[in-house]
2 protein chains.
Amino acid sequence: MVVDTRADENIDRIFRALADSTRRDIVRRTLASTYSVSELAHEYDMSFAAVQKHVAVLEAADLVRKFPNGRERIVKGNPTTIRKAQELLAQFEHLWRDRIDRLDAFLAE
Amino acid sequence: MVVDTRADENIDRIFRALADSTRRDIVRRTLASTYSVSELAHEYDMSFAAVQKHVAVLEAADLVRKFPNGRERIVKGNPTTIRKAQELLAQFEHLWRDRIDRLDAFLAE
DNA sequence: AGTATCTACAACCATTTGGTTGTAGATTAC
DNA sequence: GTAATCTACAACCAAATGGTTGTAGATACT
């Protein structure tokens, strides 16, 4: 069985992007407030280029978007993609509940 | 600023584990039904050892657990960890909502 | 105009990841 | 008892990841 589709690759990117505490912190910050790339870079113990790469990973996953503002790029967190991931996990939980419901129905016989 | 803690590493593992469509499929299956490792292996176009490794990654993230049953290991999806991830994403969304609420309050002045 | 700042991007490096094959230990089936 | 099945794990390999430094293009400041 082959499992991978284009849609799956997008999901891969989302979870992969979230699997790093620096990137999760960037998402939190840019959801709660406004940051340029260099403002973000000041927050972490790593090079500007490293932070830039993290932002690029998040952007590829559509977890943040960049908007030009003069020489700066304003990074904004994208709540829609967060919700998408959340809904996928909710489906997972649903599978479990359905199973329990089936079990309950069986035991009720 | 240093961002990583022990707790963060666990979160890393969860999202990292979910960032692969084969592993997401294993989670879905083992939440909805019962599979041994070899039964899972039959479902995918890869070696038994590869599937075994995927299960190990999921187990390290506590997304599945293994229970010995004779020579088999029964793999069970763990809804608790799914929920944990879901709640974390819900917090992210909350940051966004708070921001919008603050904006609304400001505009209402 | 000249300088400083912000960003983009390439090249490089060590480590991790996702796959493989092969070997070996337990348990079950005949 | 022997053979088949299920699992574990090591060794290996190519590709991706997460960091670095260095160079260069735009924009803003004085």
Side-chain angles (χ1 to χ4, degrees), chain A residues 1-5 8-27 29-30 33-61 63-76, chain B residues 1-5 8-27 29-30 33-61 63-76:
Chain A
M1 187 205 193
V2 179
V3 208
D4 246 308
T5 72
D8 281 328
E9 284 169 27
N10 290 335
I11 307 287
D12 287 3
R13 264 182 230 113
I14 295 171
F15 286 121
R16 188 76 199 72
L18 290 171
D20 179 287
S21 66
T22 300
R23 286 197 294 259
R24 285 195 300 278
D25 197 65
I26 291 175
V27 171
R29 286 177 186 274
T30 58
S33 179
T34 290
Y35 287 83
S36 68
V37 179
S38 57
E39 281 169 342
L40 283 172
H42 285 306
E43 301 287 343
Y44 310 103
D45 264 345
M46 65 185 78
S47 68
F48 175 81
V51 174
Q52 212 178 10
K53 276 200 193 179
H54 281 309
V55 172
V57 169
L58 291 168
E59 196 182 15
L63 279 161
V64 307
R65 290 178 178 177
K66 276 189 293 193
F67 301 89
N69 182 271
R71 66 184 159 185
E72 296 188 331
R73 300 286 178 271
I74 303 302
V75 182
K76 301 190 180 184
Chain B
M1 186 206 192
V2 178
V3 208
D4 244 307
T5 71
D8 280 329
E9 284 170 25
N10 290 335
I11 307 288
D12 287 3
R13 263 182 232 114
I14 295 171
F15 286 121
R16 186 78 200 73
L18 289 171
D20 179 288
S21 66
T22 300
R23 286 196 293 259
R24 285 195 300 277
D25 197 66
I26 291 174
V27 172
R29 286 177 186 273
T30 57
S33 179
T34 292
Y35 287 83
S36 68
V37 179
S38 57
E39 281 169 342
L40 283 172
H42 285 306
E43 301 287 342
Y44 310 102
D45 264 345
M46 65 184 77
S47 68
F48 174 82
V51 174
Q52 212 178 8
K53 276 199 192 179
H54 281 308
V55 172
V57 169
L58 291 167
E59 197 182 14
L63 278 161
V64 306
R65 291 179 176 177
K66 277 189 292 191
F67 301 89
N69 182 270
R71 65 183 158 183
E72 294 186 333
R73 301 286 179 270
I74 302 302
V75 182
K76 300 191 179 184

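Below, chains carry the letters A, B, ... as their sequence lines are ordered, and counting in each starts from 1. FYI, side chains are in, hydrogens and waters are out, and symmetry mates aren't considered; it's all heavy atoms of this structure. Bear in mind the structure is a predicted one, so any value in this text is a computation, not a measurement.
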With a 4.0 Å heavy-atom cut-off, tell me which residues in residues 65-73 of chain A come close to DNA chain C, sorted by residue number.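 Close to the strand are Lys66(A), Arg71(A), Glu72(A), Arg73(A).
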
Apply side-chain contact (heavy atoms from CB on, under 4.5 Å) to [X] and list each qualifying residue two or more places apart in sequence or on a separate chain.
| X | answer |
| --- | --- |
| Ala50(B) | Met46(B), Ser47(B) |
| Lys76(B) | Phe67(B), Ile74(B) |
| Val55(A) | Ile26(A), Leu40(A), Val51(A), Val64(A), Lys66(A), Val75(A) |

Checking salt bridge (charged side-chain N to carboxylate O under 4.0 Å, His left out) for the pair Asp20(B)/Arg16(A): CA distance, chi angles, key distance, verdict? CA-CA 8 Å; Asp20(B) 179 288; Arg16(A) 188 76 199 72; over 6 Å; no

Looking only at atom types and distance, does a side-chain atom of Ser36(A) sit under 3.5 Å from a main-chain N or O of Glu39(A), one as donor and one as acceptor?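 Yes.
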
Identify the residue among Arg73(A), His42(A), Glu43(A), Arg29(A) that makes a side-chain hydrogen bond (donor to acceptor under 3.5 Å, both in side chains) with Tyr35(A).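 The passing option is Arg29(A).
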
Measure all distances between protein nitrogen or oxygen atoms and nitrogen or oxygen atoms of nucleotides 12-19 of chain D, and list the pairs falling under 3.5 Å.
| unit_1 | atom_1 | unit_2 | atom_2 | d |
| --- | --- | --- | --- | --- |
| dT17(D) | O3' | Arg16(A) | NH2 | 3.0 |
| dG18(D) | OP1 | Arg16(A) | NH2 | 3.1 |
| dG18(D) | OP1 | Arg23(A) | NH2 | 3.3 |
| dG18(D) | OP2 | Arg23(A) | NH1 | 3.0 |
| dG19(D) | OP2 | His54(A) | NE2 | 2.2 |
| dG19(D) | N7 | Lys53(A) | NZ | 3.0 |
| dG19(D) | O6 | Lys53(A) | NZ | 2.2 |

Side-chain N or O of Gln52(A) closer than 4.0 Å to phosphate OP1/OP2 of dA8(C):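 Answer yes for this pair, as a side-chain N or O of Gln52(A) is under 4.0 Å from OP1 or OP2.
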
Indicate whether OP1 or OP2 belonging to dT5(C) is found under 4.0 Å from a side-chain N or O atom of Ser38(A).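 So the side chain of Ser38(A) is outside the cut-off, no N or O lying under 4.0 Å from OP1 or OP2 of dT5(C).
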
Upstream residue (5' side of DNA chain C) when Phe48(A) and Val51(B) are each assigned their closest nucleotide: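 Nearest nucleotide further toward 5': that of Phe48(A).
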
Starting at CD1 of Ile11(B), measure out to OG of Ser21(A) and round the result to the nearest 0.5 Å.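 Output value for this atom pair is 10.5 Å.
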
Thinking salt bridges, do Glu59(A) and Arg65(A) make one under a 4.0 Å N-O criterion?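 No.
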
Taking only nitrogen or oxygen atoms into account, show me every contact under 3.5 Å that the protein makes with nucleotides 22-25 of chain D, one pair per line with its distance.
none

Leu58(B) CG to dT17(C) P: how many Å, rounded?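 The answer, rounded to whole Å, is 13 Å.
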
Side-chain heavy-atom pair Tyr44(A), Asp25(A) within 4.5 angstrom cut-off: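 Yes. Closest side-chain heavy atoms under 4.5 Å.
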
Taking side chain as C-beta onward, heavy atoms only, is Val37(B) less than 4.5 Å from Glu72(B)?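 Val37(B) vs Glu72(B): side chains apart.
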
